[in-house]
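The block underneath contains the structure these notes are about, expressed in structure tokens.
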Amino acid sequence: MPPEAPYPPYREPEHPFAGARPEVVLAALVGPDERLRETAARWLVDLGGPALRLIEPLLRHPDPAARAAAARVVSGVGHEELGPSCTGRAEGYVEPTAEEFRAVAPGLAALLREPDADLRALSAGTLAVVGRHAEAAVPALTDAVDDPSPAVRLAAVEALGRVPALDGHVVDRLVGLLERAGEPDDLRAAAAGAMMGGATAQRARAVPALWRAVGDDPHGEVRLMALVSLLELGEPRARCAEALVERVLLGPDSELRRRACYVLKGIGPEARVAAAALARAAAEDDDPEVRAEASAALAAAAPDDPRAAAALIGRLEDEDHVVRAVALIAAGEARLAAAAGPIGRLAGDDDRWRDEALTALACIGEAAAPTLLDLLGCTDLAAHHRVIVAGILSELGPAAAPAVPALLDLLGEDEPELRAAAAEALGFVGGPPVAERLAACLDDPESEVREAAAWSLGRLGPAARAAVPGLLRALEEDRSDLGLAAASALGEVGGTPERVVPALARVVGAADPPWWTAVAAEALAAYGAAALPALDTLITALDPDVDDEVRVHAALTLVGIGPPARAALPRLTSIGEEDCAAPAFRLAAAAIAGEPAQALPGLVADLGHPERIGAAARSLAWLGPVAESAVPALVRALGEAAWEDAEHVARALDRIAARPDLAVPALLAALREHGDAPRTAKALLAALARFGPAARKAIPILESGLVHHAGHIRRAVRLALREIRAP
């Protein structure tokens, strides 16, 4: 029997308009073939902003069907739900600009005068998508408020609500619609909601009418939308929260109750007046969606209210699994100490909720330490869950000191992942017996355990000096991640320079791999003048063909050696100004001359050159408090730097530790910008911690980081908060 022929390879079918000219696509959009019309519309929507320029003339096409097709394309380009992230559009999609949206607004406004009500409604709905760029259509939309078609009127009101700059005449028309008896409820609700487009003097004219609607209107949707608009218009948030409870949350409509809870959650602590009502809703409402939303609102509005704690703890046993999940998350976000025990029991008894429960305990933090310690010793838990528990304990730092014996016991477990997790946690928790046991872990048969032990020994610093022989052995025998960790640890732990400096110098001299060599060069810098025996190696490491990171660290090591390194001067002074390592070379030359501060003006100037920011910031960090005059320039650089350089700038501000009035706001802004880059975020948080109580304005922002998904970020946040809250 002959062998079966293989299937032919799959090939993506070619798009009907691949390589087509725009006029061909536009012709298909208004042609007779329905399939091609739909394909052409999709092609134009995927094109993005440029499609708006192509489509604009079609809004004046003589055929109403063509005008409608053009309006639908505009809606597709602008509508958030049709964005490329949701549809998998081609990489060629271009975000539409404000000018492109404004260009189509007049054509859409003209469609509001079409005889076909469906086309008018489509136009008004599309203008709602165009939103704040639809200023040119405001007169036509205002007229459409009185359109005979209810659908057109509703869409016109919604579109007006999205235009920021409404004049007093338009606001008065909308207020009149809100208060006009006999109008449909959805239309009056839309008129109330139209005021949430921004707190302007014109919209403020609607405040009395909105409060009247809250107090008198018989329809819950109108009251809810009026309250949301009042919040946007800057009315007292506590008063709005109280009205939400009285006029919406206590009403019969479960969907409105759910939405009221959502709004109260957004109000936050100023909705504390709603704590009792939210607690009742969380515990007693018949609708599980309301119970879930009320639980989340309690965590945001009144996390320290005993009623909130009781309600959230009760929801941990709710019959609805969504409510239980939300309650777990809410208890964690509220950092409810009273919930730690019940959450721990849930983690130990029910494997369906274990991951969510451990996440909640991580957010609760120090108050959950006893519960976490119990879970660490629970052999019924899977190894990977005990690893998570060890990681959470490591976030707590010294507050988890009672867990040290249990963590030391884990070093004898059979599972390598448990031993590695314990070794990592011990580096953060510390304690007298830790260094000796971690040093023994450098001989563990599993590489992940050896590596975790090396990093932890570095975190222990000089207290781990007894581990130096093992770290040297790892440095010389292992060019993998273990060697990298050992090199870094030797810079933190210290040790006898006669033994350590030559070993690190051999790694720098090998110059392979570069990232490993750079860490060894950085460790050498920690030995200051004692690194002099490595001078020849360091001079060689300054060569232009060496990795730039290695060159910078080599130069900074020469800074610490000072005048005895004068043999390096010819190499240091031969560098070009455009070389990205120039700042470090400049500082090294000044230090060898005995006047490192003389390099300060040049380093400040280097901060203005993007390619030299990193080296300049590291050099200023070496100068420390002497470089106080560089803080304004560092702050400017932090606002412009990419995440890689922002890390170095943050470290410089950390070491200089001056001008908190400038540095703290800049560090917070950079944290918002670069918070997803782990190394940068940790450097920014460490710098904030350095300023201590002078960084108190950062506390609310940092507290939100305690619910971050990454443990190393939570750990850095907790350290920063401890320092900032210190008396």
Side-chain angles (χ1 to χ4, degrees), residues 521-522 524-529 531 538-539 541-542 548-566 568-642 644-667 670 683-684 686-688 690-691 694:
E522 185 177 11
L524 260 180
Y527 288 82
L538 293 168
I539 292 173
L542 301 175
D548 285 333
E549 284 291 302
V550 178
R551 297 169 72 215
V552 168
H553 287 303
L556 294 177
T557 303
L558 292 170
V559 174
I561 296 173
R566 64 181 60 90
L569 277 175
R571 193 68 57 85
L572 289 169
T573 54
S574 65
I575 189 173
E577 280 295 318
E578 298 304 314
D579 194 308
C580 64
F585 279 46
R586 183 181 293 112
L587 177 61
I592 290 171
E595 296 289 344
Q598 294 296 320
L600 184 55
L603 296 175
V604 170
D606 285 325
L607 291 172
H609 298 273
E611 70 280 1
R612 301 204 290 274
I613 288 177
R618 279 179 279 191
S619 301
L620 289 163
W622 191 96
L623 285 173
V626 173
E628 179 177 349
S629 62
V631 170
L634 284 165
V635 165
R636 286 193 297 274
L638 187 59
E640 301 170 359
E644 307 98 314
D645 290 332
E647 174 191 349
H648 302 308
V649 176
R651 295 190 192 284
L653 291 169
D654 182 346
R655 293 290 300 277
I656 296 169
R659 298 296 306 274
D661 57 317
L662 293 179
V664 170
L667 289 165
L684 292 163
L688 285 166
R690 176 74 67 180
F691 286 102

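Just so it is clear, the values below take in all heavy atoms, side chains as well, and ignore hydrogens, waters and symmetry mates.
The minimum heavy-atom distance linking Leu662 with Pro632 is given by the pair CD1-CG, 4.0 Å. The two residues Ala588 and Ala555 come nearest to each other via the heavy atoms CB-O, 3.4 Å. Considering every non-hydrogen atom in both Ala641 and Ala646, the closest pair reads CB-N, 3.9 Å. The two residues Trp622 and Pro596 come nearest to each other via the heavy atoms CZ3-CB, 4.3 Å. Pro583 approaches Leu603 most closely through the heavy-atom pair O-CD2, 3.4 Å.
Comment: Glu647 engages Arg651 in a salt bridge, judged by a side-chain N to carboxylate O separation of less than 4.0 angstrom. A salt bridge is defined here as a Lys NZ or Arg NE, NH1 or NH2 lying under 4.0 Å from an Asp or Glu carboxylate O, and Arg612 with Asp579 fails to meet this definition.
Summarising the geometry, atom CZ belonging to Arg655 is positioned 9.5 Å from atom CG belonging to Leu623; distances are rounded to the nearest 0.5 Å. Here Leu600 contributes atom CG and Leu587 contributes atom CG; the two are 9.5 Å apart, rounded to the nearest 0.5 Å. The distance from atom CG of Asp645 to atom CD of Glu611, rounded to the nearest 0.5 Å, is 10.0 Å. We find the CZ-CG distance between Phe585 and Leu569 to be 12.0 Å, quoted to the nearest 0.5 Å. Within the model, atoms CG of Leu572 and CZ of Arg586 stand 11.5 Å from one another, a figure rounded to the nearest 0.5 Å.
Looking only at side-chain heavy atoms (C-beta outward), Val604 and Leu634 stay at 4.5 Å or farther from each other. Looking at His553 and Arg618, their side chains come closer than 4.5 Å, going by heavy atoms from C-beta outward. Using a 4.5 Å cut-off on side-chain heavy atoms (C-beta onward), Leu558 and Leu542 make contact. Two residues are said to be in side-chain contact when any heavy atoms from C-beta on lie closer than 4.5 Å; Leu556 and Glu522 fail this criterion. Leu638 places a side-chain heavy atom less than 4.5 Å from the side chain of Leu653. For the pair Asp606 and Ile613, the minimum side-chain heavy-atom distance is 4.5 Å or more. Side-chain contact check for Leu607 versus Arg636: every heavy-atom pair is 4.5 Å or farther apart.
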